[in-house]
Protein chains: 2
Amino acid sequence: MSIRNSLLALLERGPMHGYQLRVAFEESVGGTWSLNIGQVYTTLARLERDELVAPLPESEGQRPYEITDRGRAELARWFATPIERSDRPRDELAIKLALAMTTPGVDLTAVVQTQRVAGIRALQEYTRLKAHGSGDPDDLSWLLVLEAMIFQCEAEIRWLDFCESTILRKRTARPVTRVDVHEETGA
Amino acid sequence: MSIRNSLLALLERGPMHGYQLRVAFEESVGGTWSLNIGQVYTTLARLERDELVAPLPESEGQRPYEITDRGRAELARWFATPIERSDRPRDELAIKLALAMTTPGVDLTAVVQTQRVAGIRALQEYTRLKAHGSGDPDDLSWLLVLEAMIFQCEAEIRWLDFCESTILRKRTARPVTRVDVHEETGA
DNA sequence: CGACACATGTAACACGTTACATGATTTG
DNA sequence: CAAATCATGTAACGTGTTACATGTGTCG
């Protein structure tokens with residue numbers, strides 16, 4: 001859904017053809033995510049089918065599109081509606097950790113540590129990028145996207161720390177002793 | 001990819017059939033994400049094709065599967081490999097904000113505020129869930145998943161605050177004055 | 001001329017969702 | 001008996017990826 005709406009937003013700046021849309025998108029997110037050119041054309045085809053964009057007369061082998069009024073309405077709806085938690089893709093890392101807890105033969109702390117190292121590494125890379133960033137004041141959107149990645153990364157590392165301490169606490173909390181057995185049978 | 005690996009992890013506990021896998025998955029993530037039953041069967045079919053699981057003799061209309069050695073190896077690989085930033089889906093919210101900045105006629109602060117309200121609401125809901133959570137010590141994985149959502153949600157709100165202050169700073173930083181005009185033409 | 005950027009597309013496939021179709025078993 | 005739960009699947013569609021095919025223009 002995000003690509004569809006992104007293309008609409010870019011066309012709101014003015015008519016563009018597929019190749020330009022791809023370049024404009026990647027520029028907008030500061031190269032953080034690339035956009036497959038094939039997807040641009042298939043998405044444009046669907047947008048045209050839904051009458052959210054309309055093709056302009058082609059010239060020199062280029063097929064520019066313009067946004068329609070319906071497209072503009074759809075775009076306004078996108079910006080006016082918050083992205084809910086339920087809209088988001090499943091969190092693969094959370095799923096992985098949750099399943100690791102009940103899968104036999106898995107070294108939980110190793111999984112957490114491996115992920116933690118990757119997180120720290122990513123955070124360093126982001127910090128490096130921010131340091132010798134373009135400096136271009138025009139790249140405000142690039143800064144925001146980068147900062148989003150940093151906030152997420154930090155939150156993930158803190159969560160992994162939480163996981164580790166929770167796991168350790170659980171492990172030390174119930175050493176099986178004779179007393180425990182008595183309590184359990186008594187309950 | 002996460003469902004594929006999740007099914008392998010669940011089958012590592014022992015043979016199960018499709019319906020059971022779905023229930024077990026949703027239980028593992030504390031009902032945070034639901035799993036479409038149709039997808040379970042199509043994913044099982046692909047896993048069987050790739051020889052990561054094998055069907056057991058069916059009984060009473062049930063088609064249980066067991067994990068194979070290749071499946072076990074694949075699962076071990078999953079747990080040993082960190083999920084990299086590049087593996088993650090594009091962040092729709094970051095994209096939306098980035099595009100909102102360069103789309104004409106968009107009230108940026110309104111977009112940020114709408115999203116912020118939704119974030120606060122979600123956070124309250126999570127806190128409520130945590131409060132009268134199952135209390136079940138067996139639900140450790142449920143606690144971890146919930147906490148992941150809370151960490152993410154908080155990070156998002158902090159990021160939105162960052163966005164707003166950055167946007168405001170930009171807006172007040174360059175009031176177009178006669179002096180500015182001179183500087184620009186001079187540059 | 002050859003490499004590279006520009007430009008448009010198609011095919012095949014994985015993953016994900018909703019909806020539909022079917023039947024057995026259990027339980028009020 | 002009727003409704004709910006258990007259980008298995010298919011179809012259609014959207015989204016996303018990789019790879020392939022094709023052609024123009026430009027520049028060293």
Side-chain angles (χ1 to χ4, degrees), chain A residues 1-8 10-11 15-27 29 31-50 52-53 55-65 74 78 83-84 86-92 95-96, chain B residues 1-8 10-11 15-27 29 32-53 55-65 74 78 83-84 86-92 95-96:
Chain A
M1 203 86 272
S2 55
I3 296 308
R4 193 177 154 96
N5 288 311
S6 294
L7 297 192
L8 280 181
L10 293 171
L11 287 175
M16 285 196 219
H17 58 255
Y19 195 89
Q20 278 178 315
L21 282 166
R22 182 207 194 187
V23 172
F25 175 87
E26 294 184 350
E27 213 168 75
V29 296
T32 308
W33 300 286
S34 59
L35 177 52
N36 181 274
I37 185 63
Q39 197 184 347
V40 174
Y41 293 114
T42 53
T43 303
L44 275 173
R46 276 194 290 263
L47 284 168
E48 183 182 351
R49 180 201 57 188
D50 300 340
L52 304 180
V53 306
L56 290 171
E58 56 188 291
S59 60
E60 297 159 31
Q62 294 175 12
R63 260 174 92 30
Y65 282 88
E74 182 65 18
W78 187 46
I83 296 174
E84 301 289 346
S86 55
D87 298 336
R88 291 167 218 233
R90 286 187 277 255
D91 181 340
E92 180 163 359
I95 291 173
K96 185 169 164 178
Chain B
M1 205 83 272
S2 54
I3 296 307
R4 192 177 155 96
N5 289 311
S6 294
L7 297 192
L8 281 181
L10 293 171
L11 288 176
M16 285 197 218
H17 57 255
Y19 194 88
Q20 279 177 316
L21 282 166
R22 182 207 194 187
V23 172
F25 175 86
E26 293 183 350
E27 213 168 74
V29 296
T32 308
W33 301 285
S34 60
L35 176 53
N36 181 273
I37 184 63
Q39 198 185 347
V40 175
Y41 294 113
T42 51
T43 303
L44 275 173
R46 276 192 290 262
L47 284 169
E48 185 182 348
R49 179 201 57 187
D50 299 341
E51 290 172 30
L52 304 180
V53 305
L56 290 172
E58 58 188 291
S59 61
E60 296 157 32
Q62 295 176 12
R63 261 173 95 25
Y65 282 88
E74 182 65 19
W78 188 45
I83 297 174
E84 300 288 347
S86 55
D87 298 334
R88 291 167 217 233
R90 286 186 276 255
D91 182 339
E92 180 164 1
I95 291 173
K96 185 170 164 177

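Given the structure is predicted, the values throughout are model-derived calculations rather than measurements. Within every chain, numbering begins at 1; the chains are lettered A, B, ... in the order of the sequence lines, protein sequences first and strands thereafter.
Distance B/E58 CD to D/dA7 P: 14 Å, rounded to the nearest Å. In this structure, A/D91 atom CG and C/dG16 atom P are separated by 13 Å, rounded to whole Å. Distance CE (A/M16) to P (C/dA7): 12 Å, rounded to an integer number of Å. What separates CG of A/L35 from P of C/dA7 is a distance of 15 Å, to the nearest Å. In this entry the distance linking OH of A/Y19 with P of C/dT8 reads 10 Å, nearest Å. Separating the CG atom of B/L21 from the C1' atom of D/dT8 is a distance of 13 Å, rounded to the nearest angstrom. Between the P atom of C/dC6 and the CD atom of A/Q62 lies a distance of 12 Å, rounded to the nearest Å. Atom CD of A/Q20 and atom P of C/dA7 are 6 Å apart (whole Å).
At a threshold of 4.0 angstrom between heavy atoms, the contacts of B/R22 with the nucleic acid are absent.
In this structure, A/L44 CG and A/Y65 OH are separated by 5.5 Å, a value rounded to the nearest 0.5 Å. B/L10 contributes atom CG, which lies 9.5 Å from atom CD1 of B/I3 (distance to the nearest 0.5 angstrom). Note that OG1 of B/T43 is 8.5 Å distant from CZ of B/R4, once rounded to the nearest 0.5 Å. Put simply, OH on A/Y41 and CZ on A/R63 are 10.5 Å apart, with the number rounded to the nearest 0.5 Å. Rounded to the nearest 0.5 angstrom, A/E74 CD and A/N5 CG are separated by 6.0 Å. For the atom pair CZ of A/F25 and CZ of B/R90, the computed distance is 5.5 Å after rounding to the nearest 0.5 Å.
Contact between the side-chain N/O atoms of A/R49 and the OP1/OP2 oxygens of D/dG14 is found at a separation under 4.0 Å. At the phosphate of D/dT17, OP1 or OP2 sits under 4.0 Å from a side-chain N or O atom of B/R90.
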Sort me out a list of protein N/O and nucleotides 9-11 of chain C N/O pairs below 3.5 Å, or just none if empty.
from	atom 1	to	atom 2	distance (Å)
C/dG9	OP1	A/R63	NE	3.4

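A donor-acceptor pair under 3.5 Å links the side-chain atoms of B/R88 to the main chain of B/I83, judged by distance alone.
In this structure, A/S34 and B/H17 both approach DNA chain D, and ranking their closest nucleotides by distance from the 5' end singles out B/H17.
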